[in-house]
Amino acid sequence: VMEKYRAALEARDAKAIQALVSPKFRDDSGTPDDPADDLTASNLEAHLQALFQKVQNPKVDFNVRRVEFHEDEDIALAIYYWNASWRMPGLNARPQSDSELEQMVFQKVNGEWKIVSGI
């Protein structure tokens with residue numbers, strides 16, 4: 001699932017990412033006290049489409065550090081480090097980059113692992 005997500009990011013394919021998330025998907029965008037910028041399964045695709053129109057040449061690498069399975073709950077957690085680079089000509093002429101340690105949470109939905117949070 002993480003490789004499909006990485007490939008969809010590089011392809012700027014919002015529909016492919018939408019297909020990877022659970023109906024319970026939620027991300028607070030790093031601002032837990034401000035629900036105005038929260039992403040959910042219902043608004044994720046539109047958000048990504050708008051973002052991908054501004055971004056050029058995204059490159060993403062994941063280094064998965066640990067995966068935990070909680071089979072009794074059909075949940076998995078992946079601790080991963082990501083490195084990304086991209087261009088946003090409307091914002092800055094120079095290439096941009098970022099990296100961070102994250103946790104992605106998955107849940108089985110109809111027998112398939114789906115992303116619940118952490119993108």
Side-chain angles (χ1 to χ4, degrees):
V1 174
M2 291 184 76
E3 175 54 25
K4 288 179 183 177
Y5 172 62
R6 188 203 63 74
L9 281 172
E10 289 189 351
R12 300 182 304 156
D13 188 343
K15 286 187 186 305
I17 294 171
Q18 183 70 37
L20 296 173
V21 301
S22 162
K24 296 179 182 179
F25 173 81
R26 181 167 220 62
D27 194 291
D28 66 15
S29 299
T31 57
D33 297 329
D34 183 8
D37 64 352
D38 287 3
L39 296 175
T40 64
S42 62
N43 70 3
L44 178 65
E45 186 175 348
H47 170 79
L48 290 173
Q49 286 176 344
L51 176 66
F52 290 159
Q53 288 179 6
K54 299 173 190 171
V55 174
Q56 293 178 351
N57 303 322
K59 300 291 180 217
V60 181
D61 291 311
F62 291 152
N63 181 344
V64 178
R65 304 288 177 93
R66 185 175 73 221
V67 177
E68 296 177 16
F69 291 95
H70 301 271
E71 293 185 36
D72 54 326
E73 302 173 27
D74 283 336
I75 290 181
L77 309 171
I79 306 296
Y80 69 102
Y81 191 80
W82 58 266
N83 288 305
S85 63
W86 66 93
R87 297 184 66 82
M88 288 184 83
L91 178 66
N92 191 332
R94 301 179 69 166
Q96 305 294 302
S97 65
D98 201 358
S99 59
E100 192 169 349
L101 185 64
E102 287 279 347
Q103 174 177 275
M104 192 174 287
V105 179
F106 305 89
Q107 184 173 37
K108 272 196 177 174
V109 177
N110 298 324
E112 290 185 50
W113 289 106
K114 298 288 185 174
I115 301 168
V116 176
S117 65
I119 64 172

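Note that the structure is predicted; figures quoted are calculated from it, not measured. Heavy-atom basis, side chains included; hydrogens, waters and symmetry copies ignored.
Sorted by first and then second residue, the salt bridge (Lys or Arg N to Asp or Glu O under 4.0 Å) pairs involving residues 82-94 (not counting sequence neighbours) form an empty list. For residues 107-119, no residue pair satisfies the side chain to side chain donor-acceptor pair (under 3.5 Å) rule, not counting sequence neighbours.
Looking at K54 and L91, their side chains never come closer than 4.5 Å, going by heavy atoms from C-beta outward. In this structure, the side chains of I119 and L44 come closer than 4.5 Å at one or more pairs of heavy atoms.
When hydrophobic clusters are built by joining Ile, Leu, Val, Met, Phe, Trp and Tyr residues whose side-chain heavy atoms come closer than 4.5 Å, directly or via intermediates, L48 is grouped together with I115. A single hydrophobic cluster is seen to contain both V60 and V1, as judged by linkage of ILVMFWY side chains at heavy-atom distances under 4.5 Å, directly or through other members. Placement of W82 and M104 within a single hydrophobic cluster is found when ILVMFWY residues are connected by side-chain heavy-atom separations under 4.5 Å, directly or transitively. Put simply, V67 and V116 are part of two different groups of oily side chains (I, L, V, M, F, W, Y) that touch within less than 4.5 Å, one to the next. V64 and L9 fall within the same hydrophobic cluster, defined by Ile, Leu, Val, Met, Phe, Trp and Tyr side-chain heavy atoms under 4.5 Å apart, directly or through other members.
Separating the CG atom in N83 from the CG atom in N63 is a distance of 8.5 Å, to the nearest 0.5 Å. Once rounded to the nearest 0.5 Å, the distance linking CG of N57 with CE of M88 reads 13.0 Å. Atom CH2 of W86 is separated from atom CZ of F52 by 12.0 Å, given to the nearest 0.5 angstrom.
Using a 30° and 60° split on the angle between ring planes, F62 and Y80 fall in the perpendicular class, above 60°.
Checked against side-chain hydrogen bond (donor to acceptor under 3.5 Å, both in side chains), T40 has the following partners two or more places apart in sequence or in another chain: S42, N43. Partners of E10 by side-chain hydrogen bond (donor to acceptor under 3.5 Å, both in side chains), not counting sequence neighbours, listed by chain and number: R6. With sequence neighbours excluded, the residues forming a side-chain hydrogen bond (donor to acceptor under 3.5 Å, both in side chains) with R66 are E68, listed by chain and number.
Not a single donor-acceptor pair under 3.5 Å links the side chain of R65 to the backbone N or O of Y81.
The two atoms that bring V55 and R12 nearest to each other are O-NH1, 2.6 Å, heavy atoms only.
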Side-chain donor/acceptor pairs under 3.5 Å, residues 15-25, sequence neighbours excluded:
{"residue": "K15", "atom": "NZ", "partner": "E45", "partner atom": "OE2", "Å": "3.1"}
{"residue": "Q18", "atom": "OE1", "partner": "E45", "partner atom": "N", "Å": "3.1"}
{"residue": "Q18", "atom": "NE2", "partner": "A41", "partner atom": "O", "Å": "2.8"}
{"residue": "S22", "atom": "OG", "partner": "K24", "partner atom": "N", "Å": "2.9"}

